[in-house]
Amino acid sequence: MIMCHTYRHATTLLFWISVATACTAGSDSPPFITHDSSGVTIAESREPAWDTQTQWRVAEDPQLEIGVLQGDRAYQFDQIAGAVRLADGRIVVADGASSQIRTFDTHGRLLSVTGRRGGGPGEFEIIASLGAAGGDTVWVYDFSLRRVSFFTATGDLVGVASLGHEPPTLGTVGRLDDGSFVLAQLWGASRTAETTTLGLRRDPVVYARFSSRGELIDTIGQFPGLEINVTEENGRNVMGSALFGRSSSHATLGQSIFVGDQVDFEIGRYSASGELRGLIRLPTADLRISPQELEALKERQVEAAPSHQRASRRAYLDAVDVPETRPAYQNLLPDALGNLWASEYARPPDVPAAWTVVDPQGRWLGTVTVPPRFRPYQIGDSWILGVVQDELDVERLRLYELIKP
């Protein structure tokens with residue numbers, strides 16, 4: 001039977017009380033403690049382990065850059081959906097606009113191109129993500145076709161897994177070490193469509209696990225979804241993303257699934273079958289939204305609208321409800337050593353610059369600042385691979401050294 005294990009933030013209250021009892025606030029409390037309760041390991045940090053001498057940092061200049069504004073179209077990128085660096089140094093990237101998977105050598109020279117728009121084998125409608133599948137094989141998830149395709153780095157299609165119709169609207173969370181995939185609903189569409197209540201809301205979404213052949217193994221649980229605003233327009237209810245709205249952050253690492261609701265700095269670690277195994281807690285910064293921040297975001301959205309729609313857009317933004325606090329963090333990304341990286345929240349279209357790093361035991365190590373407009377896709381033991389988008393919206397793939405004193 002497929003079971004859903006509903007996530008409830010309140011269930012961690014007893015664990016929090018236990019931790020607070022073991023470690024009272026103050027200068028004498030240890031910087032890091034762990035506590036086990038009913039099989040759940042709670043890791044709580046009061047301060048980072050790194051100091052100015054041990055702080056990790058990203059090199060100022062990239063080791064490798066791939067991408068051009070003009071020239072060979074194989075080196076032009078648009079809507080990059082994922083990139084991975086293989087063990088031998090080759091880099092595979094998914095380009096969403098061209099529906100292509102491209103492989104480059106260690107010097108950034110093109111080796112192979114595969115894929116095109118379409119619904120047949122080796123073709124794509126909407127590439128949502130790309131990841132490593134072991135050896136020189138990568139997987140590519142197509143959101144529209146609900147399909148995972150497997151390719152070698154030379155572009156050969158070696159496998160296809162088509163998912164069923166349920167649950168709907170699935171985005172990728174990640175791949176587990178046993179080869180299964182975790183996907184999550186992007187929103188609780190059916191419940192939103194039925195709502196009669198206006199204002200802020202946050203419906204639960206289902207996380208599900210599929211085999212490498214596309215078979216639904218089980219639903220992992222229900223977690224808080226995207227925070228939305230429901231408004232009435234011409235007699236019908238319409239949903240829209242909330243200003244400073246929260247969503248669930250997630251990542252996979254080994255056989256674990258990490259999920260956090262962004263309300264405060266707490267991240268849960270779940271087994272492949274959905275049991276809560278651990279909690280990571282760090283001090284939560286002041287998340288209150290100032291009037292100046294709110295006004296700046298409204299102005300940005302108004303300016304981005306067509307001129308004839310700006311007045312109505314401003315009226316809409318002034319009328320909708322706004323959360324009292326911003327998200328505590330945004331993206332989660334594991335590295336090759338088992339550490340978990342959590343980015344700061346950045347108002348779209350800004351890209352987060354600061355990433356908080358937590359070690360495999362849940363200890364807060366410190367913060368790494370990445371170059372401006374740089375979005376990491378993969379973090380190795382001594383490097384970080386991602387995409388930078390310049391002021392002209394030109395995308396380039398960059399590989400930076402990760403310096404660890």
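What you see below is based on every heavy atom in this structure, not just the backbone, and it leaves out hydrogens, waters and symmetry mates.
- At least one donor-acceptor pair closer than 3.5 Å links the side chain of Glu344 to the backbone N or O of Ala354.
- When all heavy atoms of Ala97 and Arg117 are compared, the pair lying nearest together is O-NH2, 3.3 Å.
- By the neighbour-count criterion of 12 heavy atoms within 6.0 Å, atom CZ of Arg300 is densely surrounded, having more than that number from other residues, nucleotides or ligands.
- A donor-acceptor pair is defined here as one N or O able to donate and one able to accept, closer than 3.5 Å; such a pair exists between the side chain of Arg147 and the backbone of Gly119.
- Checked against the 6.0 Å centroid criterion, the rings of Tyr270 and Phe223 qualify as a close aromatic pair.
- Judged purely by distance below 3.5 Å, without hydrogens or angles, the side chains of Gln361 and Arg363 never pair a donor atom with an acceptor atom.
- Residue pairs that meet the salt bridge (charged side-chain N to carboxylate O under 4.0 Å, His left out) test with at least one member in residues 322-334, sequence neighbours left out, are Glu293-Arg326.
- Residue pairs meeting the salt bridge (charged side-chain N to carboxylate O under 4.0 Å, His left out) criterion with at least one partner in residues 223-235, sequence neighbours excluded, are Glu227-Arg246.
- Counting non-hydrogen atoms of neighbouring residues, nucleotides and ligands closer than 6.0 angstrom, the CZ atom of Arg314 exceeds 12 such neighbours.
- Closest heavy-atom contact between Ala94 and Ile127: CB-CG2, 3.9 Å.
- Nearest heavy atom pair, residue Leu170 against residue Gln185, reads CD2-N, 3.8 Å.
- In this structure, His165 has no side chain to side chain contact (heavy atoms under 4.5 Å, CB included) partners at least two apart in sequence or on a different chain.
- The backbone N or O of Arg373 lies less than 3.5 Å from no partner atom in the side chain of Gln389, so there is not a single donor-acceptor pair.
- Remark: Trp56 engages Trp50 in a ring pair (Phe, Tyr, Trp, His ring centres under 6.0 Å) (not counting sequence neighbours).
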Given Arg269 and Phe258, is the side chain to side chain contact (heavy atoms under 4.5 Å, CB included) satisfied, shown in steps? CA-CA 5 Å; Arg269 177 174 60 85; Phe258 292 87; 3.6 Å; yes
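- Annotation for Arg57: atom CZ does not count as buried by contact number, only 12 or fewer foreign heavy atoms lying within 6.0 Å.
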Step by step, work out the side chain to side chain contact (heavy atoms under 4.5 Å, CB included) result for Leu253 and Leu340. CA-CA 9 Å; Leu253 180 59; Leu340 187 67; 5.5 Å; no
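- From Leu279, atom CG reaches atom OG1 of Thr34 across 12.5 Å, with rounding to the nearest 0.5 Å.
- When every heavy atom of Asp381 is checked against every heavy atom of Ala336, the shortest pair comes out as N-CB, 3.9 Å.
- Remark: Arg398 does not engage Glu60 in a salt bridge, criterion side-chain N to carboxylate O under 4.0 Å.
- Panel note: side chain Asp95, backbone Asp78; a donor-acceptor pair is recorded below 3.5 Å.
- Note that the CD1 atom of Ile80 and the CD atom of Glu395 stand 4.5 Å from one another [nearest 0.5 Å].
- Between Phe124 and Phe151, the ring planes are tilted. Angles from 30° to 60° get that label.
- Under the ring pair (Phe, Tyr, Trp, His ring centres under 6.0 Å) criterion, Phe374 pairs with Tyr400, not counting sequence neighbours.
- To the nearest 0.5 angstrom, Trp364 atom CH2 is 12.5 Å from Phe32 atom CZ.
- In this structure, Arg102 contributes its side chain and Ala74 its backbone to a donor-acceptor pair below 3.5 Å.
- Between Pro360 and Leu337, the shortest heavy-atom distance links the atoms CG-O, 3.8 Å.
- Here the CZ-OG1 distance, from Phe244 to Thr325, works out to 10.5 Å after rounding to the nearest 0.5 Å.
- Screening residues 165-187 for salt bridge (charged side-chain N to carboxylate O under 4.0 Å, His left out) gives Asp178-Arg209 as the qualifying pairs, with residues at least two apart or on separate chains.
- For the residue pair Ser249 and Gln262, a side-chain donor N or O sits within less than 3.5 Å of a side-chain acceptor on the partner.
- For the residue pair Arg277 and Ser256, no side-chain donor N or O sits within less than 3.5 Å of a side-chain acceptor on the partner.
- Classification of Arg310 and Glu303 as a salt-bridged pair fails, no side-chain N sitting under 4.0 Å from a carboxylate O.
- Ile66 has its side chain within reach of Tyr75: a pair of non-hydrogen atoms, C-beta onward, lies under 4.5 Å apart.
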Trace of the side chain to side chain contact (heavy atoms under 4.5 Å, CB included) decision for Leu163 with Phe181: CA-CA 11 Å; Leu163 311 182; Phe181 287 87; over 6 Å; no
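- Across all their heavy atoms, Gly362 and Ser45 have their closest contact at O-OG, 3.9 Å.
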